[in-house]
Enquirer: 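So that we are looking at the same thing, I have put the structure below in structure tokens.
None of the values given here were measured: they were computed from a predicted structure.
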Amino acid sequence: MTSELTNAVRARAICKSYAGTRVLHSVDLDVDKGEVVVIMGPSGSGKTTLLRSLNFLEQPDSGMVQIAGIRVTVEPKQHYTGRQKQEIQQIRRKSAMVFQSFNLFPHMTAIANVIEGLISVQGMAKAPATEKGMQLLERVGLAQKANDYPAHLSGGQKQRVAIARGLAMDPEVILFDEPTSALDPELRDDVLEVMRALARDGMTMIVVTHEVRFAKSVANRIIFMEQGSILENCPAKRFFSDLGNSRITQFLGQVD
């Protein structure tokens, strides 16, 4: 890894337990600016918990998270201070989250979903927000669906609207939590192509996914997790060659 100055994301000693069961075991992570990191591993390995801990949708029990130069350190059994709460809000504004289940507002059109944060969080006037929102819907191939409600969109279209919504806030990092796992196979490619285009544009991305083809074609690096720890962290080409790790070979045989 390169120096801290080039890190878009830096995490140290992230621990998390639920009801006495340790889910993350002192996990360290570095992601450089413009890098695409894919996190893989079996269900229950801690992938999503780690991702959600990076923007504090899950509060780590302890550890340090730094995104876009904003750092928050959590001590065991600590309640957030006022300053930490402000820093967490800054981290969330610098790091968009794209969820498996889309999380669109059902009572809002596609364009209204995209621009909601621009208006309510950034205080942008509706006209320039709408102009920016339309540009983003065009970017994900959905300008023609701007006035449609989520109920009238396919799963793949909903996910692309969710990506446009994340991009509206001009994030430095986008976190993807299994963005295609809820989609039928024929709907996945459009979403994956949008993500490939973001990678080509230099967007920093951390992606939890089982999409081997996407990981092979786009990821700079693969992180493999099991039982709350990082078992492997290496360049994608090396990961998909013979690492000599029977556990990873077994996993890839199941998902590829």
Side-chain angles (χ1 to χ4, degrees), residues 35-43 47-48 51-52 54-55 57 92 95-118 129-220 222 236 240 252 254-256:
E35 192 176 20
V36 179
V37 171
V38 165
I39 304 177
M40 306 185 86
S43 297
K47 307 182 300 295
T48 292
L51 197 74
R52 292 171 64 89
L54 294 177
N55 70 350
L57 289 176
R92 288 175 177 167
S95 56
M97 184 87 172
V98 177
F99 300 90
Q100 176 181 346
S101 55
F102 323 127
N103 286 15
L104 298 180
F105 295 113
H107 62 288
M108 292 184 177
T109 62
I111 185 64
N113 267 281
V114 172
I115 68 175
E116 171 63 20
L118 292 174
T130 300
E131 181 179 0
K132 181 174 182 178
M134 287 301 300
Q135 292 171 351
L136 292 169
L137 285 175
E138 179 72 33
R139 186 175 180 181
V140 300
L142 288 177
Q144 76 282 8
K145 298 289 186 179
N147 295 315
D148 287 11
Y149 288 88
H152 299 137
L153 300 174
S154 71
Q157 289 168 340
K158 290 176 187 177
Q159 195 60 287
R160 285 186 281 158
V161 171
I163 293 172
R165 177 183 59 187
L167 290 171
M169 304 301 287
D170 296 320
E172 296 193 25
V173 180
I174 303 184
L175 311 174
F176 292 89
D177 184 14
E178 300 200 35
T180 61
S181 64
L183 304 179
D184 293 333
E186 62 268 22
L187 299 177
R188 293 176 185 170
D189 284 347
D190 288 341
V191 173
L192 292 173
E193 184 50 43
V194 169
M195 295 171 66
R196 290 186 183 97
L198 291 175
R200 290 193 295 267
D201 290 343
M203 175 61 70
T204 306
M205 300 193 289
I206 306 175
V207 186
V208 171
T209 185
H210 290 153
E211 293 282 354
V212 172
R213 284 190 302 124
F214 172 82
K216 285 181 176 179
S217 63
V218 177
N220 302 109
I222 308 293
F240 291 110
L252 291 176
Q254 292 170 342
V255 300
D256 194 355

Enquirer: Using the salt bridge (Lys or Arg N to Asp or Glu O under 4.0 Å) rule, collect all pairs that involve residues 152-163, keeping only residues at least two apart or in two chains.
Expert: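 Listed once each, the pairs are Arg160-Asp190.
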Enquirer: So Leu51 and Met97, do their side chains get closer than 4.5 Å, heavy atoms only?
Expert: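 Contact flag for Met97/Leu51 side chains = yes.
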Enquirer: Please name all residues satisfying side-chain hydrogen bond (donor to acceptor under 3.5 Å, both in side chains) with Glu178, sequence neighbours left out, ordered by chain then number.
Expert: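 With neighbours one apart ignored, the set is empty.
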Enquirer: With sequence neighbours left out, what residues match Ala197 under side-chain contact (heavy atoms from CB on, under 4.5 Å)?
Expert: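 For Ala197, the residues satisfying side-chain contact (heavy atoms from CB on, under 4.5 Å) (neighbours in sequence not counted) are Arg200.
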Enquirer: With sequence neighbours excluded, tell me which residues meet salt bridge (charged side-chain N to carboxylate O under 4.0 Å, His left out) with Arg92.
Expert: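 Salt bridge (charged side-chain N to carboxylate O under 4.0 Å, His left out) list for Arg92, sorted by chain: empty.
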Enquirer: Contact between Arg52 and Phe99 at the side-chain level, heavy atoms closer than 4.5 Å - yes or no?
Expert: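 Yes - at least one pair of side-chain heavy atoms lies under 4.5 Å apart.
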Enquirer: For Glu172, enumerate each residue passing the salt bridge (charged side-chain N to carboxylate O under 4.0 Å, His left out) test, keeping only those at least two apart in sequence or located in another chain.
Expert: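 Counting only residues at least two positions away or on another chain, Glu172 forms a salt bridge (charged side-chain N to carboxylate O under 4.0 Å, His left out) with Lys94.
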Enquirer: Considering only distance and modelled atom types, tabulate donor-acceptor pairs under 3.5 Å from the side chains of residues 206-213, sequence neighbours left out.
Expert:
| from | atom 1 | to | atom 2 | distance (Å) |
| --- | --- | --- | --- | --- |
| Thr209 | OG1 | Glu211 | N | 2.9 |
| His210 | NE2 | Gly41 | O | 3.1 |
| Glu211 | OE2 | Thr180 | OG1 | 3.0 |
| Arg213 | NH2 | Asp189 | OD1 | 3.4 |

Enquirer: Suppose we screen for salt bridge (charged side-chain N to carboxylate O under 4.0 Å, His left out). Which residues come up paired with Asp184, at least two apart in sequence or across chains?
Expert: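 Once residues adjacent in sequence are excluded, Asp184 has no partner under the salt bridge (charged side-chain N to carboxylate O under 4.0 Å, His left out) criterion.
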Enquirer: Taking only residues two or more places apart in sequence, or in another chain, which ones meet Glu116 in a side-chain contact (heavy atoms from CB on, under 4.5 Å)?
Expert: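 If we apply the side-chain contact (heavy atoms from CB on, under 4.5 Å) test to Glu116, skipping adjacent residues, the hits are Phe105, Met108, Ser120.
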Enquirer: Just by modelled atom types, is the Ser181 backbone N or O under 3.5 Å from a matching donor or acceptor in the Gln100 side chain?
Expert: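 Flag not set: sc Gln100 to bb Ser181 has no pair under 3.5 Å.
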Enquirer: Can you tell me how far apart OG1 (Thr48) and CG (Leu175) are? Round to the nearest 0.5 Å.
Expert: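 Interatomic distance, Thr48 OG1 to Leu175 CG, rounded to 0.5 Å: 11.0 Å.
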Enquirer: Checking Ser217 now: which residues fulfil side-chain contact (heavy atoms from CB on, under 4.5 Å) with it, not counting sequence neighbours?
Expert: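 Counting only residues at least two positions away or on another chain, Ser217 forms a side-chain contact (heavy atoms from CB on, under 4.5 Å) with Arg196.
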Enquirer: Identify each donor-acceptor pair in which a side-chain atom of residues 134-150 lies under 3.5 Å from a protein atom, sequence neighbours left out, and give them as a table.
Expert:
| from | atom 1 | to | atom 2 | distance (Å) |
| --- | --- | --- | --- | --- |
| Arg139 | NH2 | Asp201 | OD2 | 3.0 |

Enquirer: Going by side-chain contact (heavy atoms from CB on, under 4.5 Å), name the residues that satisfy it together with Asp170, two or more places apart in sequence or in a different chain.
Expert: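 Testing Asp170 for side-chain contact (heavy atoms from CB on, under 4.5 Å), a comparison that skips the adjacent residues, returns Lys132.
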